[in-house]
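Notes for the one structure printed next.
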Amino acid sequence: MKFNLKGKDKKSSARAGEIITDHGKIQTPIFMPVGTAGSVKAVHMKDVKDDVKAQIILGNTYHLYLRPGLKVMEQAGGLHKFNGWDRPILTDSGGYQVYSLSDRRKLDESGVVFQSHIDGSRHNFNPESVMDIQRTIGADIVMAFDECTPYPCDYDYAKNSMEITHRWLDRCITHFNNTEPKYGYSQALFPIVQGSTYRDLRKISAETIASKNAEGNAIGGLSVGEPHEMMYEMTELVCGILPEDKPRYLMGVGTPANLLESISLGVDMFDCVMPTRNGRNGMLFTKNGIINIKNQKWMHDFSPIDEEGTSFVDTQYTKAYLRHMFVAKEMLGAMIASLHNLSFYLWLVAEARNHILKGDFSEWKNMMVKKLVQRL
RNA sequence: GGGGGGAUACCGAAGCGGUCAAACGGGGCAGACUGUAAAUCUGUUGGCUCAGCCUUCGGAGGUUCGAAUCCUCCUCCCCCCA
């Protein structure tokens with residue numbers, strides 16, 4: 001994997017770059033649609049590729065390990081072959097499930113025992129097994145095993161958790177370096193900064209992660225309920241420490257406004273379930289603000305979903321029709337909304353990139369953020 | 001023609017003398033959702049000058065301190081037998 005910087009904004013830390021993987025190039029800043037269980041929910045891969053114009057998508061170690069399981073994954077020849085996505089893939093390590101499934105797992109120095117949300121069976125995840133699983137899934141970018149700490153999180157817990165994550169990182173790096181890719185293309189390992197909302201911990205963590213000289217670095221443990229300002233503060237602090245010549249990935253973020261603000265702080269990569277999950281639940285993101293398509297006010301609105309949108313669904317269908325799909329619980333509604341939102345997210349980051357290269361990112365960002373948060 | 005059952009809020013359906021503006025579903029309306037246990041979850045759903053008051057349980061009377069609940073008549077619906 002390679003990362004080349006292509007340009008920088010003058011008034012902020014925003015930058016435009018290019019990540020080169022064996023499955024193709026990724027132009028940063030980039031948003032990566034989440035495909036937890038091997039699919040971007042409710043969207044055909046064809047549309048993820050041609051309509052959304054996604055350049056890289058996610059998969060999830062915990063979920064894919066439990067279902068379909070490693071045997072199937074290996075027989076398929078890896079996730080790319082299995083789901084038909086021939087561009088880059090990044091897999092999360094299961095570190096988020098340490099947080100989201102905290103009531104059904106036990107964590108200690110050695111790793112985490114999860115009790116499956118599917119059948120209750122117990123499964124041991126540790127830095128070594130998580131590297132092995134991600135080798136088998138075959139993502140281009142694999143994440144270190146970490147604990148995504150909750151918010152709020154007391155200092156002692158955050159410090160101890162961060163230190164465990166750091167020790168796990170060393171084990172991940174060792175095991176990763178002692179193993180080989182299984183399908184003939186290279187994989188990169190990204191470590192993850194933790195430290196909750198404590199500046200001193202974030203600083204220590206960022207310095208620790210930076211010292212590993214990885215091919216890219218991630219910021220975790222944010223967007224878990226803390227105020228936006230706190231998230232930006234931590235992101236800014238960490239971006240100032242992580243190496244400039246490596247991509248920075250802010251995990252789990254976020255709203256369209258979160259993306260633009262974080263890009264201005266120097267983040268290159270994002271992923272979030274928001275465009276798909278909120279889309280399935282009737283929320284549409286547009287350049288002019290947020291639409292709750294289930295609201296009665298759209299009942300008689302026969303204008304296109306988004307006249308300025310880049311997806312074919314934006315002009316193919318009307319607001320009144322899409323609302324009807326949701327009210328009638330037709331699955332096409334979730335499909336249309338997911339596709340629209342993802343297309344919008346990818347348009348947004350592509351536009352951000354254009355403005356960075358053009359040199360007027362900050363002005364554009366400030367203008368956009370005001371519009372993005374409006375309720376239509 | 002004879003016998004039986006039923007009419008409750010937007011719909012379905014509990015309630016069978018006071019604690020009933022009325023359970024529960026559905027529908028409606030609104031909100032939430034940030035490395036996906038989520039096509040999910042939460043709130044709300046008679047009116048108002050709202051810690052109180054007013055109107056409501058097919059219609060009209062009546063019994064009672066008090067009725068969606070008991071009695072009389074009426075209207076409509078369903079089932080069975082001729």
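Within every chain, numbering begins at 1; the chains are lettered A, B, ... in the order of the sequence lines, protein sequences first and strands thereafter. These values consider heavy atoms only, across backbone and side chains, with no hydrogens, waters or symmetry-generated copies.
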Would a 4.5 Å heavy-atom cut-off, applied to side chains only, mark A/Pro127 and A/Val130 as touching?
no
Whole Å only: how far is the CG atom of A/Leu342 from the C1' atom of B/rU34?
14 Å
If B/rU42 has a Watson-Crick or G-U wobble mate with both distances under 3.5 Å, name it; if not, just say none.
B/rA30
Assess whether one donor atom and one acceptor atom, taken from the side chain of A/His117 and the base of B/rU36, lie less than 3.5 Å apart.
no
Hey, does A/Thr276 reach any base, or is it just sugar-phosphate, or nothing, if we go heavy atoms under 4.0 Å?
base
What is the minimum heavy-atom distance between A/Thr28 and A/Glu18, and which atoms define it?
OG1-N, 3.9 Å
What is the nucleic acid contact for A/Gly221, judged by heavy atoms within less than 4.0 Å: base, sugar-phosphate only, or nothing?
base
Using 30° and 60° as the class boundaries, would you call the ring planes of A/His63 and A/His117 parallel, tilted or perpendicular?
perpendicular
Any side-chain N or O of A/Asn281 less than 4.0 Å from the OP1 or OP2 oxygen of B/rA38?
no
Under 4.0 Å, heavy atoms only, any strand: does A/Asn258 hit a base, just the sugar-phosphate, or nothing?
base
Angle between ring planes, A/Tyr321 versus A/His324, binned at 30° and 60°: parallel, tilted or perpendicular?
tilted
Would you classify A/Val327 as touching base, sugar-phosphate or nothing, given that sugar-phosphate means primed atoms plus P, OP1 and OP2, and contacts are heavy atoms under 4.0 Å?
sugar-phosphate
For B/rG1, which nucleotide is its Watson-Crick or G-U wobble mate, given both distances must be under 3.5 Å?
B/rC81
Less than 4.0 angstrom between a side-chain N/O of A/Arg277 and OP1 or OP2 of B/rU34, yes or no?
yes
If I take atom OH in residue A/Tyr249 and atom C1' in nucleotide B/rU34, what distance separates them, rounded to the nearest angstrom?
12 Å
Name the nucleic acid region contacted by A/Arg105, choosing base, sugar-phosphate or nothing; use a 4.0 angstrom heavy-atom cut-off, strictly under.
nothing
Under 4.0 Å from OP1 or OP2 of B/rG31: is there any side-chain N or O of A/Asn295 that close?
yes
Can you check the A/Arg375 CZ to B/rG31 C1' distance for me, whole Å?
8 Å
Identify whether NZ of Lys or CZ of Arg in A/Arg353 sits under 6.0 Å from the centre of the six-membered ring of A/Phe361 and within 45° of that ring's axis.
no
For A/Met299 and B/rG28, what is the distance between atoms CE and P respectively, to the nearest whole Å?
9 Å
When all nucleic acid strands are considered with a 4.0 Å heavy-atom cut-off, which category describes A/Ile192: base, sugar-phosphate, or nothing?
base
Check whether A/Leu372 and A/Ile290 end up in the same hydrophobic cluster, where Ile, Leu, Val, Met, Phe, Trp and Tyr are linked by side-chain heavy atoms less than 4.5 Å apart.
yes
Is there a side-chain polar atom (N or O) of A/Gln97 under 4.0 Å from OP1 or OP2 of B/rA37?
yes
For a quick check of understanding: with a heavy-atom distance under 4.0 Å over all strands, which category does A/Gln194 fall into, base, sugar-phosphate or nothing?
base
Is A/Asp146 side chain donor-acceptor paired with the B/rG35 base, going by distance under 3.5 Å alone?
yes
Pick the nucleotide of RNA chain B nearest each of A/Tyr62 and A/Ser223; which residue has the one closer to the 5' end?
A/Ser223
If you look at every strand shown and take non-hydrogen atoms under 4.0 Å, does A/Asp271 touch a base, only sugar-phosphate, or nothing?
sugar-phosphate
Euclidean distance, atom NZ of residue A/Lys41 to atom P of B/rC33 [Å, nearest integer]
19 Å
